[in-house]
Amino acid sequence: MTIPNTVKITDELIKAHGLKPDEYQRILDLIGREPTFTELGIFSAMWNEHCSYKSSKRWLRTLPTSGEVVIQGPGENAGVVDIGDGDCVVFKMESHNHPSYIEPYQGAATGVGGILRDVFTMGARPIAAMNALRFGEPDHPKTRHLVAGVVAGVGGYGNSFGVPTVGGEVNFDARYNGNCLVNAFAAGLAKTDGIFYSKAEGVGLPVVYLGAKTGRDGVGGATMASAEFDDKIEEKRPTVQVGDPFTEKCLLEACLELMASGAVIAIQDMGAAGLTCSAVEMGAKGDLGIELDLDKVPVREERMSAYEMMLSESQERMLMVLKPEKEKEAEAIFRKWGLDFAIVGHTTDDLRFRILHQGAEVANLPIKELGDQAPEYDRPWVAPAAQAELSGDAPKMDVADALLKLLSSPDLSSRRWVYEQYDTLIQGNSLQIPGGDAGVVRVEGHASKALAFSSDVTPRYCEADPFEGGKQAVAECWRNLTATGALPLASTDNLNFGNPERPEIMGQLVHAIKGIGEACRALDFPIVSGNVSLYNETNGRGILPTPTIGGVGLIDDWSKMARIRFAAEGEAILLIGAPEEWGTHLGQSVYLRDLFGKAEGPAPKVDLAHERKVGDFVRRLIGKETATAVHDLSDGGLAVALAEMAIASGIGARVNEATGNSAAAWFGEDQGRYLVTVAAGRQDAVVAEASKSGVRVAVIGMTGGDSLKLGGTRAIPVKDLKAAHEGWFPAFMAA
Amino acid sequence: MMRAAVVLLPGLNRDRDMIAALTKISGTPPVTVWETDTTIPDVDLIVIPGGFSYGDYLRCGAIAARMPVMRAVAEMAAKGVMVMGVCNGFQILLEAGLLPGALMRNETLKFVCREVKLEVANANTAFTRNYKPGQIIRCPVAHHDGNYFADAETLKQIEGEGQVVFRYAEGTNPNGSVNDIAGIISKSGNVLGLMPHPENLIETAHGGIDGRALFESVLGKAA
């Protein structure tokens with residue numbers, strides 16, 4: 001079937017394209033006539049939330065995006081950060097939520113493929129991946145199906161492409177029942193003088209199509225990603241793309257080879273809204289027009305219309321502007337890798353985006369306005385209501401029982417079932433794989449440098465207090481990087497929220513961005529790339545606000561790097577950065593939520609000055625090789641962190657009795673705290689040094705033995721801790 | 001000095017790991033050969049690394065085994081040149097008929113990446129002479145199709161002839177392989193195929209060096 005370009009533009013058609021009446025009026029005003037069907041598709045692709053950031057742009061501008069080490073901030077395919085010696089790290093995080101809910105394997109796989117392409121489009125070879133996954137409650141009938149499919153899809157693509165997956169998150173909550181989240185992160189390594197951008201330069205130069213052929217898959221995907229779900233979601237399945245990691249791997253090698261040849265002037269991958277977005281981006285950035293002849297586009301289906309070709313989201317495709325004299329050389333490289341290579345158009349000087357198909361002009365639009373004149377909204381928002389303080393005494397449970405229950409709970413149990421399906425070792429540079437505070441990989445070609453990666457957010461905090469939750473997501477990411485000894489450099493944000501047309505959801509977004517901005521400024525941790533995913537709702541109920549932060553840190557000498565496992569028996573255990581009572585804050589803790597069913601109280605507050613002071617102190621201890629093991633405290637507080645250190649090493653510990661409220665001391669989720677071990681006898685010097693820096697350190701116990709004894713509670717054998725920790729996930733998936 | 005060649009095919013992705021291991025251990029980078037090459041330079045060792053050649057489409061290793069370069073590998077193998085296939089390379093050697101048996105999908109039906117224990121079941125080969133007989137070593141695996149299978153007669157033969165070189169040990173068989181088989185050698189003793197990745201355990205940064213002795217054995221370094 002061919003869809004003619006002469007389809008009558010009706011109100012229903014406009015609505016089906018996700019365009020509001022006033023937005024359509026804006027189109028009419030802009031072009032002075034009724035758009036053709038293809039043009040309507042192009043506008044819908046460029047002006048949807050996913051591509052235009054029309055609801056969030058105003059607030060995203062408030063984020064800190066520059067800094068001493070930032071080479072490229074938001075606005076390109078990925079952010080670029082200097083790591084010295086002529087090297088830079090290129091990274092970004094992006095969501096693939098809606099496709100993954102509809103078709104979990106392909107949705108997740110193409111999410112990974114898309115973010116890898118963003119990174120190597122800039123000239124970087126991908127060296128690490130992470131993914132932050134959020135699913136509905138374990139008992140929901142779809143959850144297992146989604147977990148199995150998404151994890152297999154992430155692995156299926158990343159493993160075949162050949163990038164180690166070194167970190168990520170997996171959480172469960174009923175609020176994701178109808179809308180799971182798949183946030184994929186990738187980082188690559190490039191030379192600072194070998195970075196490629198999307199800005200086209202030069203008139204009359206060939207626009208070249210590279211990679212896989214164009215099919216009908218994903219037509220309208222970006223528009224779908226900006227719609228709320230309802231019960232008819234299954235009907236959207238044809239808008240999910242199908243991934244081919246083999247082609248992507250070939251595309252990577254071909255692109256890097258081509259870039260090294262000096263032929264590339266500009267390059268842009270075809271992601272959301274495929275040919276449309278990539279061509280407009282290249283032209284508009286370079287103040288050039290683009291003319292495309294669709295008859296030259298390699299296709300894998302017959303009788304495709306202009307509309308379908310312009311909106312196809314077929315994967316593994318690139319658009320480039322090449323130096324004409326290098327055309328033959330470029331083509332030979334692509335043929336060697338078995339990829340399509342076709343000159344599909346050229347740059348012009350008239351700032352028009354012109355599309356020819358079967359001899360007819362099917363679209364002729366002003367290229368700058370397509371991007372720049374997208375609607376931008378200052379949507380109304382209301383400040384989120386503050387949560388009431390907890391009242392009365394904290395409910396009590398035997399500390400050992402509580403710890404075992406938490407370790408075997410859906411959110412705190414080991415993620416081994418997940419990460420063993422990912423190749424964590426490929427490339428031979430992995431120094432820390434999932435299971436610690438951050439993933440770490442060596443910088444190839446350098447004797448001692450390594451990069452640390454972490455992805456973090458605590459959605460229940462963001463729900464209770466989006467501002468503090470936004471701060472906390474940044475602080476926890478910074479803390480996890482610090483716990484390996486890395487100096488946090490910069491971050492990427494993946495903001496997942498509900499429908500921004502509802503003022504309370506918009507209020508969550510605004511407050512979270514304010515919190516993120518404040519934390520990034522205080523911690524010198526600029527946002528260099530990111531992605532916004534809105535309309536994550538089903539039947540009018542939004543997800544938990546989930547602003548995922550992916551961070552990158554630099555380790556100068558990986559031989560000094562810290563890990564979470566206890567290094568030896570008989571070492572002193574230090575609690576750093578904690579209040580005198582060790583822990584005080586039970587509001588929104590997993591202790592209350594998972595043991596007593598109470599999602600109550602305010603989220604913990606992050607004191608950013610304290611965070612920075614304590615983190616800098618811990619990093620110094622690691623750099624001086626005083627710290628023998630380091631772990632940050634997060635979900636489940638002190639008791640869970642101690643158990644994780646014991647499980648990772650097989651070494652037990654004896655810890656003193658907590659003073660005050662024992663539930664809050666053991667399970668409170670106060671921020672800015674670390675556990676550090678030092679060789680016996682060195683603790684006094686550390687305490688003295690800390691007090692000079694104004695950092696509180698408590699010597700709370702000693703490593704050793706084969707059980708963990710917390711104060712007066714019964715000793716728990718480490719093997720029992722491990723069994724509890726490792727048991728939940730495989731049992732859940734086997735049920 | 002031993003000279004090595006690494007076979008490159010579209011979709012292989014542990015080629016860089018293998019080249020790094022060969023270079024670090026022998027001090028000389030290997031030469032590389034491409035899918036369409038019909039001759040291979042005069043080398044002492046040919047390595048087919050891991051990955052997903054041709055996307056593992058059709059069947060793991062099936063398309064690769066029919067590429068021109070594999071005819072050249074077979075000719076060199078027939079002349080007695082050492083050939084080693086790791087992971088996808090092992091699958092390719094099986095599909096090319098240079099080793100007996102087949103690799104099926106893992107018993108769990110899932111990709112698995114973890115460290116396992118291997119027993120050196122035959123230390124009397126050119127690839128394992130720097131290990132002790134029966135030595136237990138650590139080694140990572142990363143594969144979706146590593147479940148070794150052979151019919152009873154073939155199994156009897158390879159077991160009887162000492163062709164099983166590596167076995168998963170201490171209950172760590174990650175894929176359901178018959179007789180815990182992780183690696184086998186040809187009857188002629190010059191073609192080795194194994195699923196685990198010794199190239200990912202050769203330096204302190206990898207957390208261990210148990211894979212080194214394999215490279216040192218075949219590259220002619222003394223124990």
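Per chain, numbering begins at 1; letters A, B, ... match sequence-line order. Fair warning: this is a prediction, and the values are worked out from it, not measured in the lab.
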Exercise. Would A:Gln427 and B:Arg14 count as a side chain to side chain contact (heavy atoms under 4.5 Å, CB included) if you check the C-alpha gap in whole Å, the side-chain angles of each, and the deciding distance to 0.1 Å?
Worked result: CA-CA 7 Å; A:Gln427 299 188 11; B:Arg14 260 187 171 78; over 6 Å; no
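Annotation: the span from B:Tyr57 atom OH to A:Asp244 atom CG amounts to 3.5 Å, rounded to 0.5 Å. Separation of atoms NE2 (B:His197) and CG (A:Asp423) is listed at 6.5 Å; rounding is to 0.5 Å. Once rounded to the nearest 0.5 Å, the distance linking OG1 of B:Thr108 with CD of A:Gln421 reads 7.5 Å. Atoms CD1 and SG, from A:Ile426 and B:Cys113 in turn, are 9.0 Å apart once rounded to the nearest 0.5 Å. Here A:Leu431 contributes atom CG and B:His206 contributes atom NE2; the two are 8.5 Å apart, rounded to the nearest 0.5 Å.
Counted within 6.0 Å of CZ on B:Phe149, heavy atoms from surrounding residues, nucleotides or ligands total 12 or fewer; the atom is thus considered open. Summarising the local packing, CD of B:Glu107 is surrounded by 12 or fewer heavy atoms from other residues, nucleotides or ligands at distances under 6.0 Å. Dense packing is recorded around CZ of A:Arg442, with more than 12 heavy atoms of other residues, nucleotides or ligands lying under 6.0 Å away. Heavy atoms of other residues, nucleotides or ligands lying less than 6.0 angstrom from CG of B:Leu58 number more than 12.
Within the 4.5 Å cutoff, no side-chain heavy atoms of B:Leu8 are placed close to those of A:Glu253. Between A:Lys249 and B:Asn13, the closest side-chain pair of non-hydrogen atoms falls below 4.5 Å.
For A:Glu248, no part lies near chain B; criterion is any non-hydrogen pair under 4.5 Å. Within the 4.5 angstrom heavy-atom criterion, atoms from both the backbone and the side chain of B:Tyr54 approach chain A. Contact annotation for B:Ala205: both backbone and side-chain heavy atoms come within less than 4.5 Å of a heavy atom of chain A. No part of B:Glu199 comes within reach of chain A, as not one of its non-hydrogen atoms sits under 4.5 angstrom from that chain. Looking at B:Ile202, neither its backbone nor its side chain comes within 4.5 Å of chain A, counting heavy atoms on both sides. Heavy atoms of A:Thr247 lying under 4.5 Å from chain B are absent altogether.
A search for ring pair (Phe, Tyr, Trp, His ring centres under 6.0 Å) contacts involving A:Phe341 returns nothing, not counting sequence neighbours.
Between chain B and the options A:Ala148, A:Gly162, A:Gly428, A:Gly155, heavy-atom pairs under 4.5 Å are most frequent for A:Gly428. Listed options B:Met18, B:Glu35, B:Arg114 were ranked by heavy-atom pairs under 4.5 angstrom with chain A; first place goes to B:Arg114. Listed options B:Asn200, B:Asn88, B:Asp17, B:Asp15 were ranked by heavy-atom pairs under 4.5 angstrom with chain A; first place goes to B:Asp17.
By the 4.0 Å N-to-carboxylate-O rule, B:Lys110 lies too far from A:Glu420 to be salt-bridged with it.
Of all heavy-atom pairs between B:Phe52 and A:Phe246, the closest is O-CD1, 4.2 Å.
When the heavy atoms of residues 168-176 of chain B are compared with those of chain A, none of the residues falls under 4.5 Å.
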